[in-house]
Structures are given as structure tokens and as C-alpha cells.
Protein chains: 2
Amino acid sequence: MMSLNSRKRLILQAIIEDYINTAEPVGSRTISKKYLTSVSSATIRNEMADLEEMGYIEQPYTSAGRIPSDKGYRLYVDSIMNQNILNAKKIEYIKKEFMETLGEIDDLIKHASKLLSNMTKYASIAMAPQYGKTRLKHIQLIGIDNFNVLSVIVTDVGIVKNSVIRMEESLDIRTLDKISNMLNDKLTGLSLDKLNDLDISNLTSEVNGYNELLIKVLPELFQALKYSDKIEVYHEGAANLLDLPEYSDIQKAREFLNVLDEHDLLFEVLEDKSEDLSVTIGKENKITQLKNCSLITATYSFNGKVIGSIGVVGPTRMEYSRVISLVDCLTENLNDILSKVLKT
Amino acid sequence: MMSLNSRKRLILQAIIEDYINTAEPVGSRTISKKYLTSVSSATIRNEMADLEEMGYIEQPYTSAGRIPSDKGYRLYVDSIMNQNILNAKKIEYIKKEFMETLGEIDDLIKHASKLLSNMTKYASIAMAPQYGKTRLKHIQLIGIDNFNVLSVIVTDVGIVKNSVIRMEESLDIRTLDKISNMLNDKLTGLSLDKLNDLDISNLTSEVNGYNELLIKVLPELFQALKYSDKIEVYHEGAANLLDLPEYSDIQKAREFLNVLDEHDLLFEVLEDKSEDLSVTIGKENKITQLKNCSLITATYSFNGKVIGSIGVVGPTRMEYSRVISLVDCLTENLNDILSKVLKT
DNA sequence: GTTAGCACTCACACTCATAGAGTGCTAATT
DNA sequence: AATTAGCACTCTATGAGTGTGAGTGCTAAC
């Protein structure tokens, strides 16, 4: 019976790591010379034939070396590879970068994304906080002048969209405050998603005479909130991938870049990640255009609640160990900063 | 004496337009067959030799056809090409797309950028409104809870950054209103750029006891405003360019994509455009990495004041006429919407 | 001033041979 | 029974050599 004994695992590891470095199919001689010097290439060949039969490696064409299959990478990531230990300098660097970022969460995430692509040399993708899942903390209507009202919505993770509402009738400060207070009373603590489903008419009874604001304007505002969640997806460092031989074929490069420009697809990819850190390899991806790619994503949270995710996209021939440790360290810092910045 | 007679101009036009379509050097026979059927190829050859001597066209190598030089394109754009007339459907389409956009200016610009790259099939770049040049209309401090103050800054073109400020000391609503009012009195009408240079200490005398807010927090806030102007540069449709033969060389593609990821560079490019509509061809670009590209940009304004710009980047072999008319139509609509949405 | 004719140039596509890396199998070795 | 040496075989990548065709510049005729 053919089993995945420890030598086979060593060989698989050797193949994967060599392939990750060189992007060239790995031959038996290379392994016997560079990795398992005590064994002859003939022996390695036999083992490789077995590994191929088991589906962990494949041959691009007859009499070429072997390259890892998605299944091979999966085994590697799950139980073969060594954990990469980030050196202190890098950790320090990440910390420092984060400390220097000022501004809102959005900026923080953008910065993190840029940092990630710079450090990994792959592309990074990120979604801004999904406010839908956060709770309303404060809503305030502010009169700017006679006919313009500014609405500001604050959630437990910070500020969200806010917009200027143009009114037909003029409202004085006193009235606006009154309405604000009423809205705060009724709505604070609700998740923004719920605001959408809310029956506004319940509220109107209490503040009569300002129907325009309540019935026409607010629902629109809430709708805009929902919409804005979807478009806040970024990517950075796409150009990095063009250096890799995987994308020396323009056609492939183009296909990949197209995915990055489709915010809907990216959103889909990032949205359904619930684990802390997730590795998706090649065909495991639901998105067809990403079947040649691997994704390493992590979620970031606030108040114990996941509010978004960020990650790295690259070819399946990715430096998993290195990237995982980077993503891990980065999100740790990110979460840290978030909890500090947003602390109530 | 060699002069740029009207036949030479026709030939130059033929060369440029054929080259724009095919990306292949254009030969004398092609021109005599497709464009100037009444003249023989030999004559065309003579004229082409002249055009080359004058610097309007060049030969990639001996005995190849001719391609336009930057100088040739320049002449073409300035005084040869026919103005493209957009068909009604396209105009309608642009109008419709704009009508359906809701949300803030930023979203509007992003949408416009996307629209532009989709319609032109080149890449588009855009900068969000430069608030620095706009005037403060309203500033408001809102207490969210005991230790968090939300500051909102409204300008004459809409909303800008606003941020939650965490305070050491608790401030009640009354106090915040008092400070808000004071700030409004003093600051309304100033351009945001000026806020930075402002001597805060002037203000403190009037509201004693709240030094933390005024001296420590506000300057930081203003600083953040300045910073945020720079990073709001987008690009869309980079992948479009990969379809062009100009970028079949990965190296070139990579170089170009890098520029797009460098927000500082893009900012620089977009910032110094003051004309209504500007065409920059090849080496006319200051940015070295764009010396092979042409740029067609336009500014958008509000209240007669230019607040940002948006444009198209592509190879020098660009469909100038078509793109110019699109950019023109688009910014016209954009300005239109802006003036309606923001009308006070 | 224009055109036909012609020799010349050069990139590109194509073929073909060779080298080299790697395999799988068999037989010998441990 | 597991390992290894040896060998024939396969397939790609590389580079040289060749032919083709588009295009030119020049000259001489119209």
C-alpha cells in the first residue's frame, strides 16, 4: 500500500519550496543534490511517481520536472510547511508604519493594504469596514444654512457617510435638534442594516410637520449607507505581479487585472471570509478568474466583531509561509490600533 | 523651400489616422491606395521624406513605413484633426449615468472616472475635489459621549473629512456649541489652506479653559485636511491598456502600472492642469515614466472655481478626437451636476 | 511636378538541427 | 525488499539559416 511516509513529505516539501523559488519544474536530480543528499535521484524518481499518482504533484509535459498541484499546496500549507518567524525589524517596521497613520479607519485600511503589497511583493486587496454590521451610536442633523441640512451618522467604529440634504422648507436649529434627539432616542444601538428595514412612519407621529425630512430624506440616506458598503474595496500593488513569470503572458495578466477592477467580485471574495486567517488555493476559489491564484486573507475586528477583511492575492506558487506571517502580524497590529483609536 | 502645403497635411493626417487604427507603420502604398487615390505612391514617398525631415514623422527602421512623432501628433491635434461629433445615444448615455449616481462628490468623481475608462477603453485618472481651495462654510463640534467629540467641516462644495476626537476632559453640549459658534464666527469663509497657517492662539483668548481642544486638537485636524487632499487620486481601467500592442511588452506595462499606483505622481500630473481641457503628448509630459503616453485631462469646477481634474491616459497613439469629445462631454455633464447638487 | 521601375534593406516567420534536462524502466547491488 | 546505476527515450528551448514581403530611395522617363 502506498503511503505518504515522511520521506515523501520531505520530497513534496522540497518540490514546493524549490518551485516557489524558481518557478521551474523540479527534477529528481535537483532534489537529490540540494535537499535529500543521502538519497539517489532514482529513488526520488520512484517516490515522485507515487506522489504524482496521489495527486500532490503533476508534470507539465512528459519528461519535465514536477510542479505542485493545488492539492499539494494544500497539504503543504496545512501540515508540512514551517512557520515563518518574522524578524524583529520587520515587526518593528509594521508597528511604526501603523503608528504614523492618522485619519479615519478608511485611511488606516488603505495604508495597511499598501503596506501589505509592498512587503509581500504580491497584490493586496482590502475592504473598508462594513458599517452595516455596526451599530448606530449617534445621529445628528446640523443646519448649515436655511436650506441645507447636514446629517452625520456615527457608529461604534467611527464615522460613516454623511451627507448634505437640501430641504424645500427651512428648518431652524431648535427643530433640528429636536428631531436629532428623537432619532437618537429611537435609533441608537440599532445596526445600520436594520435602519434600512425600519418603518419610518412609526417615528413621524412624534415630530409632526417635518414629514419631508423624515419620510423622503432619511430613507434615501439609509439606502446610501447600504450602497456605500459595497464599493469600498481597494487593491494595491497589482503591478507587482507583472514581475512574476506566471504573468509574462499578457493575456493572463489582463484577466487578472480585470478581476481587481471588478469591485463586486472582490467584494464577494472578501465578504465570505469568516475565519481569522484563511488560505484559499487555486481551484478552491469560487471566482473562475482566480482559479490560478491563491488568496491569503484575514479579518479585522472591533469590539469582538468582524467588520472587514484584508488580504494578499498572488499565483498559487506563493510564498505561503512568509505571506501568512506578514498578514498575521499586520492584522494583529491593525486590530490593536483599531481598538485603541476607537476605544470608547 | 520646403513648405507644409495642404497635400503634406493630408498625408500626415492619413499617416496618423491609419497608425492610430492599426498600430503598424504606414507605407506610401497604403496611403496612395486608401487615402489619396489620385496620387501615386512615389509622390507620397517624396512628400513623406519631406515630412520626416521636418520632424513630423519617423521611421522605426530603414525601409519600414512611417509613424507619427510627438511633434506630428501635436500638429494633428492642434490644427489638422476633425472634431469628433458624439452621437446622440452616447451623450444620452453619459447623462443617464450621471443622473443615477447618488452620494457625495467623491462618489460622483469615481463614477465619472469609471465611465470614462469604459467609454474610451483607455485608463482614466481623477482627483477628488481639492478642498484646500474651497472655503469653510460651517464647522461643528458634536459630542457623541463624554469623551468623544465629532468635528464636522463643511465647505462650499460639500462635506470634507470629519473625525472623532478623543478628549481627556469631558465637555458638555453647551460648551461645544459655544466653541462651535465661536469657530464659525472666526473661520467661516476662509479657505481650508489658510486654516493651516492660522494662528490658533488668537482664538483661545475668547474661550478660555478649553485649550486642549483648541491648541492640540484643531491643528491636527487641519493638518489632516491638507494631507487628505493628496491621497484622493484614483485610476480606473488600467487593464484596458494591456490590450494595446504598445503594452505587449510586460516591462512597459509594468512601468506604466507603477505610475498609476504612485498617487503622488498622479497628483502631480493632475494638479497643474489649469486649462479647461488639456492635451499632453508624449515627451511633453514632465513625468519620465509617461514620456510614451498621452494625457487628455479636463478640470471640473464649482462656483466658477476649479476644484479638481479628471482625464484619460493612453499611448501617444491615442484616438485624440474621440477621447477629447468624450472628456469634454463628460466634464460638461459633471460640472452641470455639481452645480445642481451643490447649489446653495 | 509626377510617376514607373528597380535595386536594396530589414523585420519577421519558418524550418531544422542540436543540446540538455528529465523521465521511466530494468538489472544489478546492498 | 529497498536502493541505485545505467540507459534509451521524450520533449522543450535555443539558435542558425533562409525566404518572403513590405517598404524605401533613387533614377530616368513622362
Side-chain angles (χ1 to χ4, degrees), chain A residues 1-12 14-16 18-19 21-69 245-246 248-249, chain B residues 1-12 14-16 18-19 21-69 245-246 248-249:
Chain A
M1 185 54 218
M2 197 163 56
S3 75
L4 194 65
N5 58 29
S6 94
R7 189 169 66 192
K8 282 201 177 62
R9 294 169 70 94
L10 280 177
I11 291 172
L12 181 55
I15 292 174
I16 291 182
D18 200 80
Y19 186 66
N21 281 327
T22 64
E24 298 288 335
V26 187
S28 54
R29 236 175 87 84
T30 311
I31 295 181
S32 114
K33 276 197 160 179
K34 274 174 58 182
Y35 299 92
L36 295 175
T37 42
S38 59
V39 192
S40 82
S41 66
T43 310
I44 309 260
R45 274 203 287 287
N46 291 330
E47 298 280 45
M48 281 166 89
D50 290 352
L51 281 170
E52 180 164 9
E53 201 178 328
M54 288 188 268
Y56 293 115
I57 55 180
E58 13 188 80
Q59 239 174 338
Y61 51 85
T62 332
S63 82
R66 303 305 210 294
I67 61 175
S69 67
E246 274 79 357
S248 64
D249 177 9
Chain B
M1 183 55 215
M2 194 164 59
S3 76
L4 194 64
N5 58 28
S6 95
R7 189 169 66 191
K8 282 201 177 64
R9 293 168 71 95
L10 280 177
I11 291 172
L12 181 56
I15 292 174
I16 291 183
D18 200 81
Y19 186 66
N21 281 326
T22 64
E24 298 287 336
V26 187
S28 54
R29 236 175 87 85
T30 311
I31 294 180
S32 116
K33 277 198 158 177
K34 275 173 59 182
Y35 300 93
L36 293 175
T37 42
S38 60
V39 191
S40 84
S41 65
T43 310
I44 309 259
R45 273 203 287 286
N46 291 330
E47 298 281 43
M48 282 166 89
D50 290 353
L51 281 170
E52 181 165 6
E53 201 178 329
M54 289 187 266
Y56 294 115
I57 54 180
E58 16 189 76
Q59 238 174 337
Y61 51 86
T62 331
S63 81
R66 302 305 210 293
I67 60 174
S69 66
E246 274 79 356
S248 64
D249 176 10

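Chain naming here is simple, since letters A, B, ... match the order of the sequence lines and numbering starts at 1 in each.
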Look at the side chain of Thr62(B) against the base of dT9(C) and say whether a donor-acceptor pair falls under 3.5 Å; ignore hydrogens and angles.
no
Please determine whether a side-chain nitrogen or oxygen atom of Arg66(A) lies at a distance below 4.0 Å from atom OP1 or OP2 of dG22(C).
no
Shortest side-chain distance from Gln59(B), nucleotide among dA11(C), dG25(D), dT23(C)
dG25(D)
Partner of Ser28(B) under side-chain hydrogen bond (donor to acceptor under 3.5 Å, both in side chains), chosen from Glu47(B), Lys33(B), Arg66(B), Arg45(B):
Arg45(B)
Nearest to the Arg45(A) side chain among dG6(D), dT4(D), dT24(D), which nucleotide is it?
dG6(D)
Ignoring hydrogens and geometry, is there a side-chain-to-backbone donor-acceptor pair from Glu52(A) to Ile57(A) under 3.5 Å?
no
Any side-chain N or O of Arg29(A) less than 4.0 Å from the OP1 or OP2 oxygen of dG20(C)?
no
Below 4.0 Å: OP1/OP2 of dG24(C) and any side-chain N or O of Ser63(A):
no
Any Thr43(A) side-chain N or O less than 4.0 Å from OP1/OP2 of dT4(D):
yes
Quick one: is Ser40(A) getting a side-chain N or O under 4.0 Å of the dT3(D) phosphate, OP1 or OP2?
no
Can you tell me how far P of dT2(C) sits from CD of Glu47(B), to the nearest Å?
7 Å
Check: Ser69(B) side chain, Gly55(B) main-chain N or O, donor-acceptor pair, under 3.5 Å
yes
5'-most contact on DNA chain C: Val39(B) or Thr30(A), nearest heavy atom basis?
Val39(B)
Separation of dT3(D) C1' from Asn46(A) CG (nearest whole Å):
8 Å
Applying side-chain contact (heavy atoms from CB on, under 4.5 Å) to Ile31(A) and Asp18(A), what does each step give before you reach the verdict?
CA-CA 9 Å; Ile31(A) 295 181; Asp18(A) 200 80; over 6 Å; no
